[in-house]
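Here the structure is laid out as structure tokens; the discussion comes afterwards.
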Amino acid sequence: MKDWEQALSGARVVVTGGAGFVGSWVSERLLDAGAQVWIVDNMLTGSPDKIEHLFHRPGFAVSIADVGHSIPDPGGVDLVMHLACPASPVHYQRLPLETLRVASDGTVNALELAARHNARFVLTSTSEVYGEPEMHPQHEEYWGHVNPIGVRSVYDEGKRFAEATTMAYARERGVDVGVARLFNTYGPRMSLDDGRVVPAFIGQALSGSPLTVAGDGSQTRSLCWVEDTVEGLLRLACGDASGPVNIGNDHEITMLELAHMVIELTGSSSSIHHVALPADDPHVRRPDLTRARLLLGWEPTMSLEEGLKRTARWVEETRSARATDAERPR
Ligand code: UDP
């Protein structure tokens, strides 16, 4: 058993956004380590599908509530993992006011819960705080270059506000905080239709339809397998670093290279179709992981090739299970 797993055994943990993609994996690993887990999620972009396999686990509970409004207090909380927030550009641009509300009021409510119980608080912030970066790769000391009024600003500035609020609670109220900046994360349980590049490309490749590469596809991302991300997050949760700490994979790839890789790995006959580059789409993104290695003793281990293969397998299985369900007589 790893040190962080031991530290979590018997801990009482509130996970906001626990029915989301990353939140569902965090909740599962917490239960595996012997923690009690209360998910609070309004199911706006999260979904019961992502956590239904956990319903039978002892020590697991779910409240359907909007953390921007209030968070039910289960009592005796040791750790608050604050993940609630729409995270796909398609989702947060469709839900701009909800995104601002959960990043602001939701973060205050989650911090108040932690303060009340003297609990550790972990914020999942984002590489989006770096905006269109003028420094590459991005180190945590870089302050970022964000368009404050652009279409992505509800998420970027929302998370910057969440970081500022978290640090203010640490200074003013003595809350024990840890801030993680997550870079692009992928893997099973992503929403197949949330518009993010990995589920979009895999879905298109498996259907034999063209892969929609935005712009000329020269923009880069660095994609991290979800179980690697969650391991980094839980190490932060069990340590005493306040961060911020980048959590991601530092293997960088262009979106055109990614499209070709997905076509090859899935054995697809799909072609590539270039579409308009979305507004304010960052040109490059790669984490400097020096701090994560030093403070958390952590680095990602899954290769992109193997991670994409596993994700494609999961997408195929999920689609065929849904098709069988749809055909079943009611
Ligand atoms: N992208 C793409 N085709 C798609 C979806 C996304 O080329 O069908 C590009 C998008 O423009 C961006 C990158 O892939 O450059 C990553 O997009 P995503 O929405 O996954 O996350 P982001 O890093 O932009 O938040």
Side-chain angles (χ1 to χ4, degrees), residues 20-22 45 83 85-96 99 103 124-133 136-138 144-147 150-160 162 180-226 229 246-263 266 268 270-287 304 307-308 311-312 315:
F21 162 50
V22 179
T45 56
L83 289 96
C85 194
S88 149
V90 169
H91 284 164
Y92 64 68
Q93 289 175 38
R94 180 168 56 81
L95 301 164
T99 301
T124 50
S125 183
T126 169
S127 59
E128 285 283 316
V129 300
Y130 301 123
E132 171 62 28
H136 194 64
Q138 292 79 54
H145 181 219
V146 170
N147 174 356
V151 288
R152 293 174 85 102
S153 65
V154 293
Y155 187 66
D156 302 9
E157 297 290 18
K159 289 290 190 178
R160 288 167 70 96
R181 290 183 179 153
L182 305 192
F183 282 63
N184 296 65
T185 303
Y186 72 99
R189 292 190 220 142
M190 293 188 91
S191 299
L192 300 183
D193 57 356
D194 77 4
R196 282 189 280 191
V197 69
V198 169
F201 282 179
I202 290 179
Q204 290 160 345
L206 293 177
S207 310
S209 48
L211 272 63
T212 51
V213 171
D216 64 3
S218 63
Q219 70 276 25
T220 68
R221 293 295 186 272
S222 305
L223 301 163
C224 192
W225 172 249
V226 65
T229 300
N246 289 337
I247 294 186
N249 192 307
D250 54 3
H251 173 70
E252 187 179 8
I253 181 169
T254 71
M255 294 304 93
L256 190 58
E257 285 165 344
L258 179 68
H260 285 297
M261 195 169 172
V262 168
I263 288 172
T266 53
S268 170
S270 289
S271 58
I272 290 200
H273 174 62
H274 290 272
V275 297
L277 190 68
D280 294 340
D281 197 291
H283 284 98
V284 289
R285 181 134 303 156
R286 171 155 62 100
L304 183 58
L308 288 174
T311 308
V315 171

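Keep in mind that what you see is a predicted model, and the values were worked out from it rather than measured. Indexing begins at 1, ligand by ligand and atom by atom, following the structure's order.
In summary, the side chains of H136 and Q138 do present a donor paired with an acceptor at a separation below 3.5 Å, with no hydrogens or angles considered. Neither side chain, Q204 nor S270, offers a donor N or O lying under 3.5 Å from an acceptor on the other.
The residue A259 has no part lying near ligand 1, judged by heavy-atom distances below 4.0 Å. Contacts between M190 and ligand 1, counted as non-hydrogen atom pairs separated by less than 4.0 Å, are absent for every part of the residue. Heavy atoms of R221 found under 4.0 angstrom from ligand 1 belong exclusively to the side chain. Contact annotation for Q219 and ligand 1: only side-chain heavy atoms (C-beta onward) come within less than 4.0 Å of the ligand. For N184, every heavy-atom contact with ligand 1 shorter than 4.0 Å involves the side chain, none the backbone. Looking at D281 against ligand 1, only its side chain comes within 4.0 Å, counting heavy atoms.
The two atoms that bring V146 and E157 nearest to each other are CG1-OE2, 3.6 Å, heavy atoms only. Residues S222 and N249 share a closest heavy-atom pair of CB-O, 2.9 Å. Closest approach of V262 and L308 over heavy atoms only: CG2-CD1, 4.3 Å.
The residue from S88, G195, G215, P89 that puts a heavy atom closest to atom 5 (C) of ligand 1 is G195.
In summary, of the residues considered (H283, H145, R285), a side-chain hydrogen bond (donor to acceptor under 3.5 Å, both in side chains) with E132 occurs for H283 alone. Here the options are I263, V213, L206, the test is side chain to side chain contact (heavy atoms under 4.5 Å, CB included), and the partner is F201; only V213 passes.
Within ligand 1, the atoms closer than 4.0 Å to a non-hydrogen atom of V213 are 7 (O), numbered from 1 in the order shown. The distance from ligand 1 to the heavy atoms of P278 drops below 4.0 Å at these ligand atoms: 11 (O). Within the listing of ligand 1, atoms 8 (O) sit less than 4.0 angstrom from a heavy atom of A200. Within ligand 1, the atoms closer than 4.0 Å to a non-hydrogen atom of F201 are 3 (N), 7 (O), numbered from 1 in the order shown. Ligand 1 places these atoms under 4.0 Å from at least one heavy atom of R196: 19 (O), 20 (O).
Closest protein heavy atom to atom 13 (C) of ligand 1: M255 SD, 3.7 Å. Of all protein heavy atoms, the one closest to atom 8 (O) of ligand 1 is T212 OG1, 2.9 Å. Annotation: atom 18 (P) of ligand 1 to nearest protein heavy atom, V197 N, 3.9 Å. Scanning the protein heavy atoms around atom 7 (O) of ligand 1, the nearest turns out to be A214 N, 2.8 Å. Here the protein heavy atom with the shortest distance to atom 25 (O) of ligand 1 is R152 NH2, 3.1 Å.
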inquiry  = Under the criterion side chain to side chain contact (heavy atoms under 4.5 Å, CB included), I'd like the reasoning laid out for M261 against I253: C-alpha separation, chi angles, the key distance, then a yes or no.
reply    = CA-CA 10 Å; M261 195 169 172; I253 181 169; 3.9 Å; yes
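Using a 4.0 Å cut-off between charged nitrogen and carboxylate oxygen, D281 and R221 count as a salt-bridge pair. Taking the charged nitrogens against the carboxylate oxygens, R152 and E128 do have a contact shorter than 4.0 Å, which makes a salt bridge.
Using cut-offs of 30° and 60° for the angle between ring planes, the F183 and Y130 rings count as tilted.
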